[in-house]
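Here is the naming used below: chain letters follow the sequence lines, and residue numbers restart at 1 for every chain. From a predicted model like this one, the values you see are computed outputs, not experimental measurements.
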Amino acid sequence: MDHAIQLPCDGDGLCMKCKTKPPTEETVTCCTCITPWHVSCLIEPPPTIASALVWVCTDCSGLPESVPLGNATGGGDLVSAIRAIEADETLTEREKARKRQELVSGRVEEEDEEEKKKKRKGKERTSEDDVSALLDKFSCSFCMQLPERPVSTPCGHNFCLACFEKWIKQGKRTCIKCRNIIPAKMASQPRINSALVAAIRMAKLSKSTIAGPTEVHQYKQNEDRPDKAYTTERAQKAGKANAASGKIFVTVPPDHFGPIPAENDPQRHQGVLVGECWEDRMECRQWGAHLPHVSGIAGQSGYGAQSVALSGGYQDDEDHGEWFLYTGSGGRDLSGNKRTNKDQSFDQKFEKMNEALRVSCKKGYPVRVVRSHKEKRSSYAPEKGVRYDGVYRIEKCWRKPGIQGFKVCRYLFVRCDNEPAPWTSDEYGDRPRPLPSVKELKDKKLKDITDTTDRKESPSWDFDEEDGRWKWKKPPPLSQKRRVETGNPEDWKRSRKIIRQAQKSSVRDKLLKEFSCLICSQVMSLPITTPCAHNFCKVCLEGAFAGKTLVRERSRGGRSLRSQKNIMLCPSCPTDISDFLQNLQVNRELMDVIESLKRETEEIAEDPAADLSEEEAANEIEENSDPADETEAERACKRKKVDTNPEGVKEAEGAQKEDSPSSTLQIQTSDEDLY
DNA sequence: AGTATCCGCATT
DNA sequence: AATGCGGATACT
């Protein structure tokens, strides 16, 4: 069984079978696909040097049996088989494309499996399937990951820019997927397909949605509250100063650590983004970045602190943007009816909120940071309102006498967010940085520093070198807040379902928006990606050049001159695409995505649970409750394993686990700002 | 423009 | 019951 598997050399020239790099004299190149193969790893190496020159690899000669073939000489039959498909009038464009793909990739079983899957499931298809199918379809043939900075060949296949460039650099001029010639222009100047960039970004987003059950927290009586902070009758005197909180828009529990992800933002499906601004603390609270509307620290002693606000309330604070020194709370006399008091009259201790911060320090939890315009001494504070600046870790904390003479708790915060800070023009977020030198820890007055706490254990939130991003290295602390039951569990289920639908339809809307034809502005049908990376419907593009021929006959004075090539410019840019127009290839991967998204949108539109007719919705939930979904996800998972080439299982599984392609090198080294 | 005062709300 | 890096207002 195993001996039958034949593998060529990979992009680096390494034989994928023996994993060594064979010398040139030990390689033989397929005369059809120009792929190099390691001679000693071939079951049937070419017997003579002469035969090596016309040798055809197993991929090109060993075509699937279902394909009608003449004699077994390979390349020529491939062409005739493709012609046979093109000539078959019973097939639609889409089926033809699929057949062609099957033919050249030799993945007939896989496609059959997909067909069966469709038949088996029929109307049971769920959006999750579509989204994971999307991820499968999009993977770059070189690195098996979602393409980073995707480029599309005129034959309609999509790859990472870096992978594609590597391939070209090796002198390859054929598409790895279909062996079509890559035009010189595409080879020398590949263009990013921006529609795909958006699609992939959204696909990643959806993937994180399906990756695991999202913790959805419903606030008590939240739905009864208005969208804005409001004043109760009793509190109307001081307006917003005494306002009650409006609706909480995010579904993270109040003791959620770290960034607020898109899954918990049913309204916008984008989560809380770094740099987001709010009018005041009440509005900031509604988006979950920092819940307490007066207190500067959100946390629980013995559990940890989730967020802090920098708003100039303590003169000992010291802000350097990427790091800052924060002062604990307390030490002030708030007796009487005071809420704040600038004057310190006793020492702060590591208790209550100060202790919560110390727990986050010891555990290395990510702490969300908001800066308020009230902080006047910092250059990093916003001019107006309150701004979310991302997550920081507390690397160290201690106590020392504050400016007012009494002891204060001190915390060293260092930024560790995957998004760049609002004040930088950096394209990327933080990298681990050495601890800043803190003056008060270096001074000779070190005796003033007491109760120093460093982190002993490895931090829960840390930088993953492989992934090139910060993530939970240990599971985040389990929420201690009980989910609030809304009385009727069906209500809760239903609202959860509605939230999930809203999330999905927002993904779809955005995707469809990205996929509109540049000519008709409608969602593309039979999408074509030009070599200059613009996307059109096949019909629109053909229509734009209707009646124009590639060459123009010229005649003067009765004698005919040499015919001249007609220049045909891309409808969106001044690139001559006349050669490309002669053989338009639909970007099938793109088409499949559009098709599945359209289908989902229609399903949602027909879904009786989408409109709130109560009984229908309740019934719908009965039929399609969570356990069913999970089973389906498991099935999808199993299918994936079956589909994968046994040799590639290990790699593919590794790739599936990560939520982003580990192609940091491409990201880091490119100068172009494409995202 | 800065600040003292006051009090409602959310959370511990 | 106690605490708290809000916010409008009236005043310097």
Side-chain angles (χ1 to χ4, degrees), chain A residues 219-222 225-226 228-248 253-256 278-286 288-319 324-346 348-357 359 367-378 380-387 389 402-404 408-411 413 479-482 484:
Chain A
Y219 284 82
K220 212 174 183 177
Q221 282 121 38
N222 195 39
R225 291 169 177 270
K228 288 200 167 186
Y230 60 98
T231 46
T232 56
E233 215 169 304
R234 192 161 65 99
Q236 262 165 12
K237 282 177 254 170
K240 238 182 174 178
N242 295 336
S245 167
K247 213 176 273 177
I248 308 285
D255 54 358
H256 166 84
W278 301 284
E279 274 288 306
D280 49 48
R281 288 280 296 267
M282 274 298 186
E283 207 189 338
C284 167
R285 165 188 167 75
Q286 289 183 268
H290 184 70
L291 286 168
H293 69 282
V294 173
S295 178
I297 305 164
Q300 304 77 32
S301 61
Y303 181 68
Q306 294 83 26
S307 57
V308 295
L310 281 109
S311 42
Y314 286 82
Q315 47 182 287
D316 290 289
D317 286 0
E318 209 181 286
D319 193 358
F324 60 88
L325 294 176
Y326 195 73
T327 311
S329 59
R332 292 163 167 180
D333 178 20
L334 300 175
S335 59
N337 207 0
K338 292 191 281 290
R339 293 295 173 268
T340 54
N341 173 1
K342 300 263 177 211
D343 299 323
Q344 214 178 330
S345 50
F346 52 93
Q348 290 185 356
K349 286 180 187 163
F350 283 116
E351 54 183 28
K352 297 177 183 170
M353 293 304 156
N354 297 349
E355 178 56 19
L357 281 174
V359 172
V367 181
R368 290 185 301 276
V369 170
V370 298
R371 282 184 172 82
S372 155
H373 70 105
K374 286 190 161 185
E375 170 60 90
K376 298 292 180 199
R377 297 161 42 246
S378 163
Y380 303 95
E383 294 216 3
K384 271 168 116 186
V386 185
R387 184 187 64 209
D389 287 346
I403 291 171
Q404 297 190 17
V408 292
C409 296
R410 300 280 274 168
Y411 303 88
F413 278 71
S479 172
Q480 295 186 323
K481 304 286 171 185
R482 255 187 52 239
V484 177

Asks: Determine, stepwise, if the pair A:Ser378 / A:Asp319 fulfils side-chain hydrogen bond (donor to acceptor under 3.5 Å, both in side chains).
Replies: CA-CA 6 Å; A:Ser378 163; A:Asp319 193 358; 2.7 Å; yes

Asks: Base, sugar-phosphate, or nothing: which does A:Ile297 touch, judged by heavy atoms less than 4.0 Å apart?
Replies: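 Nothing, no heavy atom under 4.0 Å.
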
Asks: Counting any heavy atom closer than 4.0 Å, what does A:Tyr303 reach on the DNA or RNA strands: base, sugar-phosphate only, or nothing?
Replies: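 Nothing: the residue A:Tyr303, judged by heavy atoms under 4.0 Å, touches no strand.
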
Asks: Quick one: label A:Thr232 by what it contacts on the DNA or RNA (base, sugar-phosphate, nothing), any heavy atom closer than 4.0 Å.
Replies: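 The answer is sugar-phosphate, as A:Thr232 gets under 4.0 Å only of primed atoms, P, OP1 or OP2.
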
Asks: When you get a sec, tell me which of C:dA8, C:dT3, B:dG8 is the closest nucleotide to the side chain of A:Leu334?
Replies: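 The answer is C:dT3.
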
Asks: Classify A:Ala241 by what it touches in the nucleic acid, base, sugar-phosphate, or nothing, heavy-atom distance under 4.0 Å.
Replies: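 Base contact - A:Ala241 has a heavy atom under 4.0 Å of at least one base atom.
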
Asks: Tell me what A:Ala243 touches on the nucleic acid: a base, only sugar-phosphate, or nothing, going by heavy atoms under 4.0 Å.
Replies: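 The answer is sugar-phosphate, as A:Ala243 gets under 4.0 Å only of primed atoms, P, OP1 or OP2.
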
Asks: Grab the two heavy atoms, one from A:Arg410 and one from A:Asp316, that are nearest each other, plus how far apart they are.
Replies: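 Heavy-atom minimum between the residues: NH1-O, 2.6 Å.
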
Asks: Any N or O donor-acceptor pair linking the side chain of A:His293 to the base of C:dG7 at under 3.5 Å?
Replies: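 Not at all, since no donor on one side and acceptor on the other fall under 3.5 Å apart.
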
Asks: Distance check needed: B:dC9 C1' versus A:Gln286 CD, whole Å only.
Replies: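 Distance, rounded to whole Å: 13 Å.
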
Asks: Is the shortest side-chain N/O distance from A:Arg285 to OP1 or OP2 of C:dG7 below 4.0 Å?
Replies: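 Checking C:dG7 against A:Arg285, no side-chain N or O comes under 4.0 Å of OP1 or OP2.
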
Asks: Both A:His373 and A:Ser335 contact DNA chain C. Taking the nearest nucleotide for each, which residue is further toward the 5' end?
Replies: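 Looking at DNA chain C, the more 5' nearest nucleotide goes with A:Ser335.
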
Asks: Which atom names give the shortest non-hydrogen contact between A:Val308 and A:Leu357, and what distance separates them?
Replies: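 Scanning both residues completely, I find the closest heavy atoms to be CG1-CD2, 3.7 Å.
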
Asks: Base, sugar-phosphate or nothing for A:Glu375? Non-hydrogen atoms, less than 4.0 Å.
Replies: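 Counting heavy atoms under 4.0 Å across all strands, no contact is made by A:Glu375.
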
Asks: Which is true for A:Arg225 with a 4.0 Å heavy-atom rule: it touches a base, it touches only sugar-phosphate, or it touches nothing?
Replies: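 Since only primed, P, OP1 and OP2 atoms lie under 4.0 Å of A:Arg225, the category is sugar-phosphate.
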
Asks: Send over the distance from A:Lys338 NZ to B:dC6 C1', rounded to a whole Å.
Replies: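 From A:Lys338 NZ to B:dC6 C1': 12 Å.
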
Asks: Applying the Watson-Crick and G-U wobble criteria at under 3.5 Å, what pairs with B:dT12? Answer none if nothing qualifies.
Replies: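 Looking at the geometry, B:dT12 pairs with C:dA1.
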
Asks: Output the rounded distance in Å from NZ (A:Lys342) to C1' (B:dT5).
Replies: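 For the pair A:Lys342 NZ and B:dT5 C1', the rounded distance is 14 Å.
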
Asks: Mapping A:Met353 and A:Lys376 onto DNA chain B by nearest heavy atom, which one lands closer to the 5' end?
Replies: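 First, find each residue's nearest nucleotide; the 5'-ward one identifies A:Lys376.
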
Asks: Which whole-number value in Å describes the distance from A:Asn242 CG to B:dC7 P?
Replies: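 To the nearest whole Å, that distance equals 9 Å.
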
Asks: For the pair made of CE in A:Met282 and C1' in C:dC5, what is the distance, rounded to whole Å?
Replies: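 Going from CE in A:Met282 over to C1' in C:dC5 covers 15 Å.
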
Asks: Any chance NZ of A:Lys349 has more than 12 other-residue heavy atoms, nucleotides or ligands included, within less than 6.0 Å?
Replies: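 For A:Lys349, atom NZ is not crowded (no more than 12 foreign heavy atoms under 6.0 Å).
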
Asks: Rounded to whole Å, please give me the gap between CZ in A:Arg332 and C1' in C:dT3.
Replies: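 In whole Å, C:dT3 C1' lies 13 Å from A:Arg332 CZ.
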
Asks: Would one find a side-chain N or O of A:Asn337 under 4.0 angstrom from OP1 or OP2 of B:dC6?
Replies: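 No, because none of the side-chain N or O atoms of A:Asn337 sits under 4.0 Å from OP1 or OP2 of B:dC6.
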
Asks: Parallel, tilted or perpendicular: which describes the rings of A:Tyr326 and A:Tyr411, with under 30° parallel and over 60° perpendicular?
Replies: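 Tilted.
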
Asks: So for A:Arg339 and C:dG4, does any side-chain atom that can act as donor or acceptor lie under 3.5 Å from a complementary atom in the base?
Replies: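 Answer yes: a donor N or O sits under 3.5 Å from an acceptor.
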
Asks: Return the nearest nucleotide to the side chain of A:Lys352; candidates are C:dT3, C:dC5, B:dC9.
Replies: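 Between C:dT3, C:dC5, B:dC9, the one nearest the side chain of A:Lys352 would be C:dT3.
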
Asks: Apply the test side-chain hydrogen bond (donor to acceptor under 3.5 Å, both in side chains) to residues A:Asp255 and A:Ser479: give CA-CA distance (whole Å), side-chain angles for both, the deciding distance (0.1 Å), then the verdict.
Replies: CA-CA 6 Å; A:Asp255 54 358; A:Ser479 172; 2.8 Å; yes

Asks: Looking at the side chain of A:Tyr326, which of B:dA10, B:dG8, C:dC5 is the nearest nucleotide?
Replies: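 Nearest to the side chain of A:Tyr326 among the choices is C:dC5.
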
Asks: Considering only side-chain heavy atoms of A:Ser295, which listed nucleotide, B:dG8, C:dG4, B:dT12, is closest?
Replies: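 Closest of the options to the side chain of A:Ser295: C:dG4.
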
Asks: Rounded to the Å, how far apart are A:Lys374 NZ and B:dA4 P?
Replies: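 Those two atoms, NZ and P, are 13 Å apart.
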
Asks: Give A:Ser311 one of three labels, base, sugar-phosphate or nothing, depending on what nucleic acid heavy atoms sit under 4.0 Å from its own.
Replies: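 Answer is base: heavy atoms of A:Ser311 come under 4.0 Å of a base.
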
Asks: Of A:Ala244 and A:Gly299, whose nearest nucleotide on DNA chain B comes first from the 5' end?
Replies: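 Checking each residue's closest nucleotide, the 5'-ward one belongs to A:Ala244.
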
Asks: By nearest atom, which of the nucleotides C:dC5, C:dT3, B:dC9 is closest to the A:Thr327 side chain?
Replies: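 Nearest listed nucleotide: C:dC5.
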
Asks: For A:Asp317, report the nucleic acid contact type (base, sugar-phosphate, nothing); a contact means any heavy atom under 4.0 Å.
Replies: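 Here A:Asp317 touches the bases of the nucleic acid.
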
Asks: How many angstroms lie between OH in A:Tyr314 and CD1 in A:Ile403, if you round to the nearest 0.5 Å?
Replies: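 Here the rounded value is 13.0 Å.
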
